[in-house]
Amino acid sequence: MEDIKDSNENSCTRNILVILGFSCVISVIVLIAVGISQNKPLPQNVKYGIVLDAGSSHTSLYIYSWPSEKENDTGIVQQIEECQVAGPGISKYAQKLQEIGDYLAECMEKTRDVIPVSKHHETPVYLGATAGMRLLRMESEQLADRVIDAVIRTLSTYPFNFQGATIITGQEEGAYGWITINYLLGSFFQNSGWFSGISEKMNHEKTFGALDLGGASTQITFVPENHTMESPENSLQFRLYGKDYYVYTHSFLCYGKDQALWQKLAKDIQVSSDRSLRDPCFHTGYKKVVNVSDLYKTPCTKKFKRTLPFDEFQIQGTGNYEQCQQSILELFNTGDCPYSQCAFNGIYLPPIQGNFEVSL
Ligand SMILES: *[C@@H]1O[C@H](CO)[C@@H](O)[C@H](O)[C@H]1NC(C)=O
Ligand SMILES: *[C@@H]1O[C@H](CO)[C@@H](O)[C@H](O)[C@H]1NC(C)=O
Ligand SMILES: *[C@@H]1O[C@H](CO)[C@@H](O)[C@H](O)[C@H]1NC(C)=O
């Protein structure tokens, strides 16, 4: 991209001298005039980037910008626009692939208007899908591939520099959440002055942990006291702004709020002989019909599956906090732990460390 820009500038320089005479000069004068009349400094050379966050329950589009010349060697990124895609998450389009184009169109058209046309071709677009697509891939790799292919075809039709659409791993999701939280809270810059070397060992006290509750998964990520971790798959290491970070992360698939509810319903209907399920987690008087084939479609309810003598059942809320809490706790197996310490379901968890920031 830099090469393209530079060669454009070079050819513009030549054009001034040889062919176009004064049109470049005129535009410079116009720019200066605008700058003076608005009493503002000339606009910096700004770059843009587009990220689509394809969550399990919905997709959001974010537009970022940053000055192309890094200030003091550190890129300051700003979010300049956010667009919520109307509709559910992309995994729900597995059976209607032809609708994905329309689904993304509104936000992508808005993006065309926000980013100056001259920057379109150099503006990267990237889509990352999370646990909703991880679950669809567990159901059917072919269906998940088709959804991603349809997304790629759609995003490639726009004039931006399409960089890819992928299902990110739970580790990546945990790491990105942690980096975002700590970037926004300024953890990476607080000691960028002359005493940064001295406090290298104190990193864990100066970063926030991140607990990210999604629709299909939940991530926990923090810097533990001990660099050496018992479970390598929960260990991440990266270098940011000149410093090394050793991070613990885990993504609990099926423990986002929507999938946890499916799990609870499947567990409770397992022991019910009735078409109606009295549920303490819903308020008294609440009624809702649940489709059994929908309930068993997600891989998250597999371990509770049994053949039921009906296709639908009805939830009847009884509104009892203690009973609800008891019922929810049954989804967390805290018995077996192959490590010195576990979160639940046999997943390693080092001692919790640092301040926690909760993002929804
Ligand atoms: C960059 O460094 C200069 C001089 O040290 C300082 O005045 C300026 O505020 C810094 N800019 C940022 C964004 O930190
Ligand atoms: C750090 O981990 C090592 C190896 O697992 C262990 O022997 C040591 O006690 C741990 N230190 C702390 C402070 O937890
Ligand atoms: C349950 O949902 C499926 C689609 O997921 C549908 O085909 C089926 O007819 C529904 N069953 C009932 C009893 O409504």
Side-chain angles (χ1 to χ4, degrees), residues 52-60 84-106 127 129-154 165 167 170 213-218 252-318 324 327-328 330-331:
L52 290 112
D53 173 358
S56 64
S57 56
H58 74 279
T59 300
S60 306
Q84 301 296 335
V85 175
I90 56 170
S91 59
K92 304 294 188 306
Y93 285 82
Q95 305 298 342
K96 39 182 183 177
L97 296 170
Q98 69 287 353
E99 290 177 27
I100 286 180
D102 286 344
Y103 170 73
L104 295 174
E106 196 177 317
L127 179 139
T130 55
M133 285 299 291
R134 273 175 232 139
L135 289 175
L136 179 64
R137 189 170 54 190
M138 287 167 72
E139 275 176 55
S140 162
E141 204 152 324
Q142 198 182 32
L143 280 184
D145 286 348
R146 283 194 202 146
V147 170
I148 291 294
D149 286 347
V151 167
I152 290 173
R153 260 181 276 122
T154 296
I167 303 174
L213 175 65
S217 67
T218 289
F252 291 92
L253 191 61
C254 299
Y255 286 84
K257 70 176 171 52
D258 301 330
Q259 292 299 329
L261 177 59
W262 282 126
Q263 281 198 62
K264 196 197 85 79
L265 291 175
K267 166 179 71 68
D268 292 344
I269 200 70
Q270 209 184 11
V271 292
S272 167
S273 53
D274 208 344
R275 279 172 173 274
S276 79
L277 180 71
R278 293 171 57 75
D279 194 326
C281 296
F282 293 96
H283 61 78
T284 313
Y286 178 87
K287 285 186 166 64
K288 190 177 193 292
V289 173
V290 178
N291 177 325
V292 171
S293 82
D294 288 348
L295 176 70
Y296 288 153
K297 214 167 98 192
T298 163
C300 298
T301 52
K302 201 172 163 190
K303 64 175 180 247
F304 302 116
K305 190 169 178 176
R306 65 155 210 182
T307 308
L308 297 174
F310 41 81
D311 298 334
E312 293 181 343
F313 62 91
Q314 191 183 49
I315 299 172
Q316 290 182 350
T318 59
C324 173
S327 174
I328 298 276
E330 288 167 13
L331 299 177

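Order of appearance sets the numbers: ligands from 1, and atoms from 1 within every ligand. What you see is a predicted model, and the numbers here were worked out from it, not measured in a lab. Residue indices begin at 1 and follow the sequence shown.
When distances from atom 9 (O) of ligand 3 to the protein are checked, no heavy atom turns up under 4.0 Å.
A donor and an acceptor atom, one from each side chain of Gln314 and Gln316, are located under 3.5 Å apart. At a cut-off of 3.5 Å, with distance as the only test, a side-chain donor of Ser327 or Lys267 sits close to an acceptor on the other residue. With 3.5 Å as the limit, one finds no donor-acceptor pair spanning the side chains of Ser272 and Asp274. Side-chain polar atoms of Thr154 and Tyr103 form no donor-acceptor pair below 3.5 angstrom.
Under a cut-off of 6.0 angstrom, the local environment of CD in Gln98 is crowded, with over 12 non-hydrogen atoms contributed by other residues, nucleotides or ligands.
Listed by number with element, the atoms of ligand 3 under 4.0 Å from a non-hydrogen atom of Asp311 are 13 (C). Interface of Asp294 with ligand 3, defined as ligand atoms under 4.0 Å from a residue heavy atom, comprises 2 (O), 4 (C), 5 (O). Those atoms of ligand 3 with a heavy atom of Glu312 less than 4.0 angstrom away are 12 (C), 13 (C), 14 (O).
Counting protein heavy atoms only, atom 2 (O) of ligand 3 is closest to Asn291 ND2, 2.2 Å.
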